Amino acid sequence: MFITFEGGEGTGKSTQVKLLAERLRAEGKVVVTTREPGGTPDAEALRNLLVSGDVARWTANEELLLNFAARGSHVRNVIVPALVANKIVICDRFVDSSYVYQCVAGNARESLFAELVRALAGDTTPKFTFILDIEAQLAMSRAASRNGNQSSGTRADRYELKGPAFHQKVRQGFAELAKRHPNRCHLIDANGPAEQVAARIWAKLNG
Ligand code: TMP
């Protein structure tokens, strides 16, 4: 089973990936956790190119191409082999992030996005997508303090530099996506303690 987490920076995705994996493992399931862009050495190298440097370093179309190059390597080498082996794969971001960040908040071409999905993700589609939702400004200040303490390997400074209007569009884009795909996407209120958010996710997964 393929499960993805989506949402803006600072919404607590990585914590929820970890908590869900622990809970499923406690039930005896074999779980692989991974992230995008990343998940293979080559995809992590592309991630470094995407998240560092000046905000104008890449256009939205260029970001789309780099994210999908990373995704191709990740799907082929990690996600598909784990699913074929009947493992549960939990991925921090996937195709929906490309749609929302590059095509909704950015100005990348939707036709290019659709073609890249067909070519590089194929029929690897999540069964459940949990979209973590909190007010964009609160999320950004959480992300900034996470990056400020230097303890996390997940710095995403280039995206944080895109500004509040961009991140507001990201939040709206994810909310609209949840409405458009009600069977797959579940919008989760990500306010409150991590354990409470985890309980909301668990209820949806078992609902
Ligand atoms: P993260 O640590 O929050 O996942 O940071 C990765 C950044 O990359 C985040 O700002 C969202 C962005 N991103 C895209 O713009 N498009 C994509 O397809 C993916 C997977 C991530």
Side-chain angles (χ1 to χ4, degrees), residues 2-18 33-40 42-75 78-79 89-110 112-117 119-121 124-126 129-134 136 138-171 173-174 177 190:
F2 186 28
I3 300 171
T4 58
F5 280 78
E6 298 283 1
E9 291 87 347
T11 51
K13 287 181 289 87
S14 51
T15 303
Q16 293 304 324
V17 166
K18 192 167 146 263
T33 61
T34 186
R35 70 168 181 181
E36 289 207 343
T40 68
D42 288 334
E44 291 289 337
L46 289 169
R47 178 190 177 93
N48 283 335
L49 290 175
L50 277 159
V51 303
S52 66
D54 189 77
V55 70
R57 184 179 192 182
W58 309 109
T59 66
N61 279 319
E62 290 160 357
E63 286 177 0
L64 197 60
L65 291 170
L66 287 168
N67 272 296
F68 269 95
R71 183 163 296 130
S73 160
H74 188 212
V75 167
V78 176
I79 299 177
V89 176
I90 308 179
C91 191
D92 186 337
R93 298 194 185 280
F94 194 59
V95 166
D96 296 324
S97 276
S98 293
Y99 178 71
V100 169
Y101 279 81
Q102 276 69 58
C103 299
V104 177
N107 60 357
R109 291 189 188 184
E110 285 198 31
L112 179 60
F113 167 81
E115 189 57 34
L116 290 168
V117 173
L120 293 157
T124 306
T125 308
T129 296
F130 298 110
I131 298 175
L132 303 193
D133 181 64
I134 57 172
L138 175 63
M140 289 313 292
S141 63
R142 277 204 212 169
S145 64
R146 173 193 69 188
N147 288 344
N149 70 22
Q150 306 279 317
S151 63
S152 156
T154 59
R155 291 176 65 103
D157 317 46
R158 214 186 123 257
Y159 283 91
E160 281 154 32
L161 293 173
K162 287 179 189 267
F166 180 89
H167 291 285
Q168 191 52 41
K169 280 191 205 160
V170 166
R171 185 184 185 204
F174 277 126
L177 200 72

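The structure displayed is predicted, hence computed values, not measured ones. Read the numbers this way: they start at 1 and go in the same order the structure lists the ligands and their atoms.
With a 6.0 Å cutoff to the six-membered ring centre and a 45° limit on the axis angle, Lys169 does not count as a cation-pi contact of Phe166.
Of the candidates Arg47, Arg93, His74, Glu6, Arg47 brings a heavy atom nearest to atom 2 (O) of ligand 1.
Considering backbone and side-chain N/O atoms, Arg71 comes within less than 3.5 Å of an N/O atom of ligand 1. Polar contact check, Asp92 against ligand 1: no nitrogen or oxygen pair lies under 3.5 Å apart. Note: an N/O pair closer than 3.5 Å links Gln102 and ligand 1 by distance alone.
Residue Glu160 does not touch ligand 1, judged by heavy-atom distances below 4.0 Å.
A salt bridge links Arg35 to Glu44: at least one charged side-chain nitrogen sits closer than 4.0 Å to a carboxylate oxygen. Taking 4.0 Å as the cut-off between side-chain N and carboxylate O, Arg158 and Glu63 count as a salt-bridged pair.
Applying the 6.0 Å contact sphere to CZ of Arg109 captures no more than 12 heavy atoms from other residues, nucleotides or ligands.
Ring geometry for Tyr99 versus Phe113: interplanar angle of 30 to 60°, hence tilted.
Ligand 1 has Lys13 within reach: a non-hydrogen atom of the residue lies less than 4.0 Å from it.
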